[in-house]
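Here's the structure we're looking at; comments come further down.
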Amino acid sequence: MAELLSTATITATGLLCKAFLNSGLCSITVSNLHILLDALRNDERRRRRQGVVTVANHISTLDDPLVWGTLPMELYLNSNTTRWSLGASDIMFTNPLFSAFFRKGQVLETFRGNGIFQPSVDIAIKQLNEGHWVHLFGEGKVNQPPDYPRTNGVARLPRFKWGVGRILMETAVPPLIIPMWLTGFDKLMPEHRSSPYKYFPRLGIRLGVVFGDPMPAEEITAALRAHLYVPLVTKDGVESKLGDELHLGVGRTAMQAEEWFAPGCERKRQMDMVRSNVTAIVQRAVEALGKQVSGNLLNNSR
């Protein structure tokens with residue numbers, strides 16, 4: 001019954017988004033959608049329990065679910081081809097009705113300020129280990145192009161959250177990571193508008209969604225090996241090469257590894273560095289796609 005309600009919620013939301021995108025009230029261009037579709041429809045990938053991770057810039061409160069109105073309808077009906085995502089508790093889970101809706105829509109309640117070791121991140125890892133699809137907004141909140149930090153005339157996305165790194169480090173099989181770039185959604189739902197206008201989309205906006213090539217798994221595994229190769233001695237006195245045991249989740253998790261050592265020790269700092277580096281690799285991939293689509297200021301619509 002719960003799965004049926006979830007499918008009904010996702011399907012109804014997807015069809016509503018699809019209707020809006022095709023209503024003439026806005027226009028949308030989608031590039032390389034086949035990259036995501038091929039990944040989701042790959043039965044061999046699912047048999048190997050390899051998950052799919054999509055990572056995008058987050059420029060409006062309507063990015064998700066509106067962007068998924070571009071998907072074929074049949075994908076809404078299959079739990080293997082519908083995304084899981086993380087959503088802020090203080091924005092999306094503010095009352096029982098909203099909480100029920102978002103939970104049935106496969107949104108994991110995430111508490112800002114509670115760090116990367118919380119149930120929503122654990123469940124995201126579990127879903128990937130079962131071969132499912134998880135979508136991430138690495139910034140963790142809406143940031144629109146005028147607010148992006150700039151250096152020497154080149155814009156950057158605000159720093160991605162380390163939860164991205166933890167998820168990718170602890171999956172049992174390296175997931176397929178697909179960067180995405182969204183344009184126009186910030187004009188559809190501009191921030192800083194006064195009430196009640198901030199709750200309504202602007203009309204006649206051109207939207208764009210671009211899917212990039214999957215990231216090579218070697219980029220992530222190389223970052224792990226570079227920092228986790230040093231042998232160490234566990235609490236039971238057995239020498240262990242943490243780099244092998246933490247090879248994208250094989251063996252002990254990163255959290256368990258940290259528990260072997262006192263807080264503030266060198267190993268914990270090293271673990272933090274790895275998560276930071278893995279997260280930065282993903283951020284660079286999203287930014288590189290953004291520059292291809294939107295230029296160095298990351299603010300041009302396709």
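Source: prediction; values computed, not measured.
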When you look at H135 and S85, which way does the side chain to side chain donor-acceptor pair (under 3.5 Å) test go after all the steps? CA-CA 5 Å; H135 178 72; S85 67; over 6 Å; no
Within the 3.5 Å criterion, strictly below it, is a donor on N114 or Q118 matched to an acceptor on the partner's side chain? no
* **Residue pair W133 / T81, side-chain donor-acceptor N/O under 3.5 Å** => no
Rounded to the nearest 0.5 Å, the CG atom of L136 sits from the CE atom of M180 at a distance of 11.5 Å
Output for pair (I177 CD1, L168 CG), nearest 0.5 Å, gives 4.5 Å
Between R166 and D122, is there a side-chain N and carboxylate O pair less than 4.0 Å apart? yes
**Request:** Run the salt-bridge test on E44 and R48 with the 4.0 Å N-O cut-off and return the result as yes or no.
**Result:** yes
Under 30°, 30 to 60°, or over 60°: which ring-plane class applies to H58 and F137, parallel, tilted or perpendicular? parallel
Are side-chain heavy atoms of [X] and [Y] found at a separation under 4.5 Å?
X: D147; Y: H192; result: yes
X: W162; Y: D272; result: yes
X: R49; Y: N129; result: no
X: E109; Y: R103; result: yes
X: E139; Y: K161; result: no

Quick check on the hydrophobic clustering: are V209 and L157 connected, directly or via other members, by side-chain heavy-atom contacts under 4.5 Å? yes
